[in-house]
Peer 1: 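So that we are looking at the same thing, I have put the structure below in structure tokens.
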Amino acid sequence: MVSFYGAEVTSRLMLGTAQYPSPAVLEQAFRRSGAGIATVSVRREAGADRAGAAFWDLVAQLGVRVLPNTAGCHSVREAVTTAQMARELFETKWIKLEVIGHADTLQPDPFGLVEAARILTNEGFEVFPYTTEDLVLAERLLEVGCKVLMPWGAPIGTGLGLTNIYGLRILRAQFPDVPMVVDAGLGLPSQAAQAMEMGFDAVLLNTAVAKAGDPAGMAEGFARAVEAGRLAYEADPMEPRDMAAPSTPLIGKAFLE
């Protein structure tokens with residue numbers, strides 16, 4: 001069980017809701033994964049005419065917590081406005097904050113991200129910022145009121161896994177008490193397990209499941225990997241070493257003369 005802003009969630013796997021072949025496949029993926037949180041783009045909903053109502057009804061039936069996001073926002077103003085819409089539509093203070101700064105890599109704009117986070121936390125939002133593994137940026141986000149960090153593993157949709165192991169390890173070690181979710185870039189369950197073995201609290205992914213040949217099967221695979229990685233972390237793994245060490249003791253071994 002993991003806690004975000006005082007709310008306990010049973011699963012450490014978070015899934016996005018975009019790009020699935022059909023609503024039925026989306027539902028199957030969530031059922032088999034046991035994911036406890038679903039990220040939803042506000043752009044799927046329209047307040048006046050209830051466009052997207054069928055999609056929202058489907059998400060509501062999954063019985064999971066909804067984490068609206070500001071996906072596709074490239075400015076502070078756009079992100080803040082989208083977050084305000086999300087609070088009305090989904091009746092939640094939670095918001096996954098994205099302020100994109102680079103069109104090709106979808107890397108967050110660090111300056112816009114901090115400013116938007118400051119505005120939203122002052123308005124009572126509980127912000128989940130999509131960020132990089134940069135220590136200084138993390139510090140600034142915490143200073144403006146964020147109590148969760150969501151560093152990327154790799155650029156969104158690439159499936160490259162954890163491209164900066166060193167940076168992620170240092171980030172985790174620097175802020176040991178801050179809940180952290182590895183968000184974006186995961187392509188295989190083994191990569192999710194690796195993140196969990198490093199001590200991260202959860203992982204968030206979308207494309208790796210939605211674009212798989214069998215999305216429901218892949219979702220279950222990620223769920224098992226997340227559980228295995230967390231168990232390994234809690235079991236206090238052995239430290240790697242350069243030289244071999246015999247697993248069978250020499251004491252008591254028979255010697256021939």
Side-chain angles (χ1 to χ4, degrees), residues 1-17 30 33-42 45 56 59-71 73 79-80 82-99 108 113-133 135 137-153 168 171-184 192 195-196 198-206 222-223 226-227 229-231 233-234:
M1 187 169 292
V2 61
S3 178
F4 300 113
Y5 288 102
E8 293 187 341
V9 182
T10 56
S11 173
R12 295 176 183 271
L13 175 63
M14 305 160 70
L15 283 182
T17 55
F30 269 85
S33 72
I37 294 176
T39 59
V40 180
S41 172
V42 179
E45 290 282 340
W56 168 234
V59 173
Q61 291 169 11
L62 295 175
V64 299
R65 281 196 77 119
V66 173
L67 176 60
N69 66 41
T70 63
C73 293
V80 169
T82 303
Q84 292 167 340
M85 292 169 56
R87 181 161 57 182
E88 290 187 30
L89 289 167
F90 300 107
E91 298 180 346
T92 178
K93 295 186 291 184
W94 280 16
I95 190 72
K96 179 192 169 188
L97 179 61
E98 296 184 28
V99 183
L113 184 63
V114 172
E115 178 61 15
R118 181 189 64 78
I119 294 171
L120 292 173
T121 53
N122 286 341
E123 291 187 4
F125 283 88
E126 295 173 341
V127 179
F128 294 66
Y130 166 63
T131 181
T132 64
E133 68 277 12
L135 290 177
L137 177 53
E139 185 72 48
R140 297 294 181 270
L141 289 167
L142 296 174
E143 287 175 354
V144 299
C146 296
K147 296 182 180 178
V148 175
L149 294 175
M150 302 185 79
W152 66 353
L168 288 169
L171 180 67
R172 178 70 281 182
Q174 186 70 26
F175 305 105
D177 299 323
V178 176
M180 291 191 194
V181 181
V182 172
D183 175 17
M196 299 305 296
M198 292 166 60
F200 286 92
D201 298 280
V203 298
L204 169 58
L205 55 125
N206 189 163
F222 268 100
V226 167
E227 182 178 357
R230 183 65 187 184
L231 285 171
Y233 170 74
E234 292 176 345

Peer 1: Within the side chain of T70, is there an N or O that forms a donor-acceptor pair under 3.5 Å with the backbone of E98?
Peer 2: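 Yes: the side chain of T70 pairs with the backbone of E98.
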Peer 1: Can you list everything that forms a side-chain hydrogen bond (donor to acceptor under 3.5 Å, both in side chains) with E139? Sequence neighbours excluded, please.
Peer 2: none
Peer 1: Apply side-chain hydrogen bond (donor to acceptor under 3.5 Å, both in side chains) to Q174 and list each qualifying residue two or more places apart in sequence or on a separate chain.
Peer 2: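 Residues passing side-chain hydrogen bond (donor to acceptor under 3.5 Å, both in side chains) with Q174: none at all.
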Peer 1: For K96 and D183: C-alpha separation, side-chain torsions, deciding distance, then whether side chain to side chain contact (heavy atoms under 4.5 Å, CB included) applies.
Peer 2: CA-CA 11 Å; K96 179 192 169 188; D183 175 17; 2.9 Å; yes
Peer 1: Closest heavy-atom contact between V182 and A195?
Peer 2: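 Answer, listing the atom of V182 first, then A195: CG2-CB, 3.9 Å.
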Peer 1: Could you tell me which residues satisfy side-chain hydrogen bond (donor to acceptor under 3.5 Å, both in side chains) with E143, sequence neighbours excluded, listed by chain and number?
Peer 2: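 If we apply the side-chain hydrogen bond (donor to acceptor under 3.5 Å, both in side chains) test to E143, skipping adjacent residues, there are no hits.
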Peer 1: Please report the closest heavy-atom contact between V42 and P68, naming both atoms and the distance.
Peer 2: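 Minimum heavy-atom contact is CG2-CB, 4.3 Å.
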Peer 1: Give the table of side-chain donor-acceptor pairs shorter than 3.5 Å for residues 7-15, with sequence neighbours excluded, one pair per line with atom names and distance.
Peer 2:
unit_1 : atom_1 : unit_2 : atom_2 : d
S11    : OG     : L13    : N      : 3.1
S11    : OG     : G34    : O      : 3.4
R12    : NH1    : D201   : O      : 3.0
R12    : NH2    : M1     : O      : 3.0

Peer 1: Within the distance-only criterion (no hydrogens, no angle test), does the side chain of S41 pair as donor or acceptor with the backbone N or O of A71 below 3.5 angstrom?
Peer 2: no
Peer 1: With a 4.5 Å cut-off on side-chain heavy atoms, are I37 and W94 touching?
Peer 2: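 With C-beta onward as the side chain, the pair touches.
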Peer 1: Ignoring hydrogens, what is the shortest heavy-atom contact between P176 and A173? Give both atom names and the distance.
Peer 2: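 Smallest interatomic distance, heavy atoms only, reads CD-O, 3.4 Å.
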Peer 1: In Å, rounded to the nearest 0.5 Å, how long is the span from CD of E115 to CG of L120?
Peer 2: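 If we round to the nearest 0.5 Å, E115:CD and L120:CG are 10.0 Å apart.
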Peer 1: Could you tell me which residues satisfy side-chain contact (heavy atoms from CB on, under 4.5 Å) with E227, sequence neighbours excluded, listed by chain and number?
Peer 2: L231
Peer 1: Could you report the tightest heavy-atom contact between Y5 and K147, atom names first, then the distance?
Peer 2: OH-N, 3.0 Å
Peer 1: Mind checking the CG-CE spacing from L171 to M198? Nearest 0.5 Å is all I need.
Peer 2: 9.0 Å
Peer 1: Would you compute the distance between atom CG of L113 and atom CZ of R140 and round it to the nearest 0.5 angstrom?
Peer 2: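 Atom-to-atom, L113:CG and R140:CZ are 13.0 Å apart.
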Peer 1: What is the distance from atom CZ of F90 to atom CD1 of I95, rounded to the nearest 0.5 Å?
Peer 2: 8.5 Å
Peer 1: Could you check whether any side-chain heavy atom of T17 comes within less than 4.5 Å of a side-chain heavy atom of F30, counting everything from C-beta outward?
Peer 2: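 Yes, their side chains come closer than 4.5 Å.
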Peer 1: Would you please name every residue forming a side-chain hydrogen bond (donor to acceptor under 3.5 Å, both in side chains) with R87, sequence neighbours left out?
Peer 2: none
Peer 1: Of all residues at least two apart in sequence or in a different chain, which pass the salt bridge (charged side-chain N to carboxylate O under 4.0 Å, His left out) check with K93?
Peer 2: E126
Peer 1: Looking at residues at least two apart in the chain, or sitting in another chain, which of them share a salt bridge (charged side-chain N to carboxylate O under 4.0 Å, His left out) with E133?
Peer 2: none
Peer 1: Assess the residue pair M196 and Y233 against the criterion (side chain to side chain contact (heavy atoms under 4.5 Å, CB included)); give the C-alpha distance rounded to whole Å, side-chain angles, the decisive distance to 0.1 Å, and a yes or no.
Peer 2: CA-CA 7 Å; M196 299 305 296; Y233 170 74; 6.0 Å; no
Peer 1: With heavy-atom distances below 4.5 Å as the criterion, would you say the side chains of V181 and P179 are in contact?
Peer 2: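 Not in contact.
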Peer 1: With sequence neighbours excluded, tell me which residues meet side-chain contact (heavy atoms from CB on, under 4.5 Å) with A116.
Peer 2: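 Expected list: V76, V80, L97, V99.
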Peer 1: Closest heavy-atom contact between A117 and C146?
Peer 2: CB-SG, 3.8 Å
Peer 1: Where do L168 and P151 come nearest, in terms of heavy atoms and distance?
Peer 2: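 Taking L168 first and P151 second, the nearest heavy atoms are CD2-CB, 4.1 Å.
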Peer 1: For L142, check side-chain contact (heavy atoms from CB on, under 4.5 Å) against everything at least two apart and list the hits.
Peer 2: L149, F175, V178
Peer 1: Residues in side-chain contact (heavy atoms from CB on, under 4.5 Å) with T132, at least two apart?
Peer 2: Q107, P108, D134, L137, W152
Peer 1: Side chains of V40 and N69: closer than 4.5 Å at any heavy-atom pair?
Peer 2: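 Side-chain contact under 4.5 Å: no.
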Peer 1: Who pairs with F4 by ring pair (Phe, Tyr, Trp, His ring centres under 6.0 Å), at least two apart in sequence or on another chain?
Peer 2: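 Ring pair (Phe, Tyr, Trp, His ring centres under 6.0 Å) list for F4, sorted by chain: F128.
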